[in-house]
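Take a look at the structure set out below.
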Amino acid sequence: MKKTSTIRAIRTALTAATAAVLAISLAACSQTGGSTTSATGASASGGQTTFTYARSAAVSSLNLWTEITSNNAFAIDKIFEPLVSFDKNGKIIDWLAKSHQISDDGLTYTFTLRDGLKFSNGKNVTAEDAVFSIQQHQAEKDAALPLTADIASVTAPDEHTVEIKLNSPYTPLLAELANFSNGIVPKDFGGKSEADFFANPVGTGPFVVSKWDKSGDLTFTKNENYWQKGKPGISKLVYKLVEDGTQAVNQLKTGQVDGIEDPALENLDELENGNDTKVETAGSWVTHTFFFNTADEHFADVHVRRALAYALNRADVTKAVSFGHADTAKTVLPKAIEYSTQDSIKPVDNDLAKAKEEIAQSKYPDGFEAKILLASGNNAYSQAAQLLQSAAAKVGVKLDIDSVDIATFRSRFKAFDYQIMINSAQADYPDADSIIDFQADPDGFSKSYWTSYSNPEVTAELKKAQVTPDGDERADLYEKIQQTLADEVPYIPLYSPQIVKALRKNVNGLEVLPNNSVRFQDVTLG
């Protein structure tokens, strides 16, 4: 899982409901010859340093056009890089392009590549590589985060210039290009088949795949041809599979890992105040949410959805699961995203009398039975599910909790094999369209985040917002959309947590991004 505006939205990406307790940390290492092990467990040999990063799910694919879940996306973005990117505040910044220009009519985007860019195999990066990459993304029939602008042409006027021409303006394009899915690959995959290329990819990122177990760990090594001179500071990056959150915390404390990707909120105070651990945070583009499968006969009924939303107290959910490290969500757009209406929206929330009125108006006034699907190993999600279970009982709806492993969870919700699920959505790039389009377009890749929700008026408004310049008119469109989604409740936004990574105290330079990813190239070991 657009535009060049400020901080963006929910990681469309749709990602997985499993990030239990995981933390990031770095180790102090010997810089002299020989091979030693530091107090944190990170190894050093002849000045070679290794950073081990605990993650709850293995990397299963490195195809930047077809993947969206965080387990894959946040490995892909270490290998491939786009023309433009964003900083920790969501501001669009030039990346592989040293500059860019947008014509006054909004129809022509011109990018000038940096001098001396090379792929990890040492070959020069040219504008033709960028043209090939963008065109391949356009042509990908299974694109998870497709380029939806009406693109007339993508050309290379010379070897350092990339020009994108549109048939009509598309406000989110620049931010959309900052997404990991628009990374640059060698033209014609460097002579390989697409499958062979992505099995051992070549990119411009700070790291290169060295060893990859699709059901276990992934090891990166330093890209010796990286365009940011002298970086990365670490020689090896290991994505270590640690599915149990408690184990991840223990391994961080004992130095077996140097960091945890998604530490549980309940552990943050302990890790922040630990003798050898600390946490790093960023503003959040993430919202944890209950999603209704509106293709199910029960949840096709808007009164049923509104009844459950009124029965639930979202503030209680936030308090129970976040330990003071999250804000209650009232809309699908986190507060850190431009055009979010968190402070002005009227949510369907916490009114038992109205909940009973809604269920009485539904096709199921006497209640019914259903299930909440969630990924096992996530205590916060389990608690939230129990709170919805308790709230639903007050209006005669009996909910059972169906807890499954993460792989099964992902395959089932993508097959619409659920009634209610709890999942997270996080933005990949800084524009409100990323979330709204992903969660409200019934014809898009995710079919309204696998809810099948469809409202022609909302669809028309989101399409109009895509071509409306930033300003009051665009803000009004997103305000209307968010209120309609709040009223019709295809999902119940719960809370937006801080983006947090847990580290060893000797780790410096880790950049935490609001889409829940990190940049490792500036990391040093104190």
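All residue numbers refer to positions in the sequence shown, counting from 1. Computation of the quantities below employed the complete heavy-atom set of this structure, encompassing side-chain atoms and omitting hydrogens, waters and symmetry-equivalent molecules.
Side chain to side chain, T69 and N71 meet the donor-acceptor criterion of an N or O pair below 3.5 Å. Side chains of T341 and K330: a donor-acceptor N/O pair is absent below 3.5 angstrom, by distance only. If you check the side chains of H298 and D296, you find a donor sitting under 3.5 Å from an acceptor. Side-chain contact check for Q386 and S390: no donor-acceptor pair (N or O, by modelled atom type) lies under 3.5 Å. Between the side chains of S60 and N72, at least one donor N or O sits under 3.5 Å from an acceptor N or O. No side-chain donor from either of D316 and N350 sits under 3.5 Å from a side-chain acceptor of the other. In this structure, a donor-acceptor pair under 3.5 Å is present between the side chains of D487 and Q483.
In summary, the aromatic rings of F80 and W65 are positioned with their centroids too far apart to meet the 6.0 Å limit.
Crowding of D105 atom CG: a count of heavy atoms from other residues, nucleotides or ligands under 6.0 Å exceeding 12. Heavy atoms from other residues, nucleotides or ligands lying under 6.0 Å from NZ of K447 number more than 12.
Put simply, the side chain of E358 never gets that close to the backbone of K354: no donor and acceptor are under 3.5 Å apart. In this structure, the side chain of R114 engages the main chain of W95 through a donor-acceptor pair within 3.5 Å. Remark: the backbone N or O of D327 is not paired with any side-chain donor or acceptor of S496 at under 3.5 angstrom. Listed for the S376 side chain is no donor-acceptor partner under 3.5 Å among the backbone atoms of S403. With hydrogens and angles disregarded, a donor-acceptor distance shorter than 3.5 Å links the side chain of R474 to the backbone of A465. In this structure, R314 contributes its side chain and Y495 its backbone to no donor-acceptor pair below 3.5 Å. Checking side-chain atoms of K98 against main-chain N and O of D94 turns up no donor-acceptor pair under 3.5 Å.
Contact between W285 and G90 at its shortest, heavy atoms only, is CZ2-CA, 3.7 Å. Of all the heavy atoms in K88 and V512, the pair that sits closest is CB-O, 3.5 Å.
With rounding to the nearest 0.5 Å, the separation of NZ in K464 from CG in L462 is 12.5 Å. One distance of note links CD1 of I134 with OG of S153; it measures 11.0 Å at 0.5 Å rounding. Separation of atoms CG (D441) and OG (S454) is listed at 8.5 Å; rounding is to 0.5 Å. With values rounded to the nearest 0.5 angstrom, L485 atom CG is found 8.0 Å from Q439 atom CD. Taken to the nearest 0.5 Å, the CZ atom of F520 stands 11.5 Å off from the CD atom of E511. To the nearest 0.5 Å, atom CG of residue D349 and atom CG of residue N313 are 6.0 Å apart.
Each of Y449, Y453, W450 was scored for a ring pair (Phe, Tyr, Trp, His ring centres under 6.0 Å) with F291, with one residue passing: Y449.
With Y418 as the aromatic partner, R412 does not meet the cation-pi criteria of under 6.0 angstrom to the ring centre and within 45 degrees of the ring axis.
Using a 4.5 Å cut-off on side-chain heavy atoms (C-beta onward), V185 and P201 make no contact. Between F180 and N515 there is no side-chain heavy-atom pair separated by less than 4.5 Å.
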CA sep, side-chain torsions, deciding dist, call: D150, Y170, side chain to side chain contact (heavy atoms under 4.5 Å, CB included) | CA-CA 8 Å; D150 186 3; Y170 185 77; over 6 Å; no

